[in-house]
Amino acid sequence: EAEVAQSPRYKITEKSQAVAFWCDPISGHATLYWYRQILGQGPELLVQFQDESVVDDSQLPKDRFSAERLKGVDSTLKIQPAELGDSAMYLCASSLGPTSNQPQHFGDGTRLSIL
Amino acid sequence: KQEVTQIPAALSVPEGENLVLNCSFTDSAIYNLQWFRQDPGKGLTSLLLIQSSQREQTSGRLNASLDKSSGRSTLYIAASQPGDSATYLCAALLGTSGSRLTFGEGTQLTVNP
């Protein structure tokens with residue numbers, strides 16, 4: 001079964017540094033999501049793409065976070081500068097289309113630890 | 001604020017028992033509800049998706065129901081097995097949230113051999 005690929009699996013860095021996460025969705029999936037999951041909580045959406053366009057980034061801390069999906073396929077999420085509170089699991093998901101009629105498929109995530 | 005709540009936060013049962021996990025949501029204008037499984041350190045695996053026009057969905061030993069009027073969904077697991085041990089999350093696509101899923105905090109299930 002096709003999977004959503006994410007890298008790296010783990011990232012440890014010091015505060016004030018820059019970090020980047022990469023996601024390759026399931027082939028043919030037009031919708032891509034980045035979530036942040038704090039330990040013991042459910043995921044919260046950071047940004048949603050439809051093809052190469054951002055359709056929802058209302059929960060993205062834009063002063064330090066950025067996301068792009070230049071060719072409408074894979075995507076990168078960046079944090080600069082990282083803060084202690086950014087320590088969390090960053091999950092990428094994709095779906096064929098809008099969520100109302102399509103399930104989201106998740107990758108295994110990147111666990112970020114800020115020292 | 002739209003919320004999704006899961007009770008209990010943790011559940012421990014002996015192998016073979018049938019069990020029910022609960023999910024409640026505050027907005028009756030729901031488009032769909034999705035149940036996920038999450039193993040430690042892993043991403044989410046989609047189990048069942050119920051559209052607002054449906055009452056229930058079944059997959060193997062799993063059955064999920066949706067009652068919009070009461071703002072509740074349940075996930076029924078029959079004949080539980082140790083391999084079912086994981087955190088189960090429900091997520092709702094609610095009326096005014098656009099296409100953003102709102103997740104509960106999950107129920108951590110342990111099935112003891």
Side-chain angles (χ1 to χ4, degrees), chain A residues 1-7 9-10 21 23-26 29-50 53-60 88-113, chain B residues 1-10 21 23-25 27 29-54 57 59 62 64 66 73 86-108:
Chain A
E1 181 177 312
E3 297 181 347
V4 175
Q6 288 189 248
S7 66
R9 287 282 285 121
Y10 304 94
F21 315 124
C23 172
D24 191 11
I26 293 172
H29 280 198
T31 311
L32 185 146
Y33 313 81
W34 282 103
Y35 289 87
R36 177 170 59 187
Q37 185 179 25
I38 297 170
L39 192 64
Q41 298 183 17
E44 291 187 327
L45 182 72
L46 292 174
V47 61
Q48 177 184 341
F49 290 90
Q50 183 66 30
S53 301
V54 173
V55 297
D56 186 351
D57 63 357
S58 57
Q59 305 296 314
L60 188 72
M89 175 79 88
Y90 290 81
L91 294 162
C92 179
S94 69
S95 62
L96 277 171
T99 312
S100 62
N101 58 7
Q102 295 292 340
Q104 295 185 22
H105 301 268
F106 283 76
D108 279 343
T110 295
R111 181 164 295 284
L112 174 66
S113 297
Chain B
K1 177 183 175 183
Q2 297 169 333
E3 289 187 347
V4 175
T5 305
Q6 291 187 249
I7 296 173
L21 306 180
C23 173
S24 61
F25 45 92
D27 189 343
I30 182 172
Y31 291 115
N32 69 40
L33 189 134
Q34 197 166 353
W35 282 93
F36 295 89
R37 168 186 173 137
Q38 187 172 31
D39 292 290
K42 296 286 190 177
L44 280 64
T45 301
S46 179
L47 298 174
L48 291 164
L49 171 68
I50 312 176
Q51 301 289 351
S52 61
S53 59
Q54 299 173 321
Q57 282 284 338
S59 176
L62 305 179
L66 177 64
S73 176
T87 296
Y88 291 81
L89 293 139
C90 68
L93 184 63
L94 300 171
T96 57
S97 66
S99 55
R100 181 185 327 133
L101 285 177
T102 302
F103 280 83
E105 294 191 340
T107 294
Q108 185 173 354

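Computation of the quantities below employed the complete heavy-atom set of this structure, encompassing side-chain atoms and omitting hydrogens, waters and symmetry-equivalent molecules. Protein chains get the first letters and strands the later ones, always in sequence-line order, with residue 1 at the start of each. Since the structure is predicted, the reported quantities are computational estimates derived from the model, not experimental observations.
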Main-chain N/O of A:G109 paired with A:R9 side-chain donor or acceptor, under 3.5 Å
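Yes; at least one donor-acceptor contact below 3.5 Å.
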
Tell me whether B:T107 contacts the main-chain N or O of B:P8 through its side chain, where contact means a donor paired with an acceptor under 3.5 Å.
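Side chain of B:T107 to backbone of B:P8: a pair is present.
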
A:Q6, part contacting chain B, at a heavy-atom distance under 4.5 Å
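Nothing of A:Q6, per the 4.5 Å heavy-atom cut-off to chain B.
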
Structural part of B:L44 lying under 4.5 Å from a heavy atom of chain A
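For B:L44, the contact with chain A is made by backbone and side chain together.
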
Pick one of side chain, backbone, both or neither for B:Q6, based on which atoms fall under 4.5 Å of a heavy atom in chain A.
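It is neither, since no heavy atom gets under 4.5 Å.
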
Heavy-atom pairs under 4.5 Å with chain B - which of A:G42, A:S58, A:G107, A:P43 has more of them than the others?
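Highest number of heavy-atom pairs under 4.5 Å: A:P43.
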
Under the ring-ring contact (aromatic ring centres under 6.0 Å, His included) test, which residues partner A:F49, sequence neighbours left out?
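So A:F49 forms no ring-ring contact (aromatic ring centres under 6.0 Å, His included) with any residue.
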
Apply ring-ring contact (aromatic ring centres under 6.0 Å, His included) to B:F36 and list each qualifying residue two or more places apart in sequence or on a separate chain.
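Here the qualifying residues are A:F106, B:F103.
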
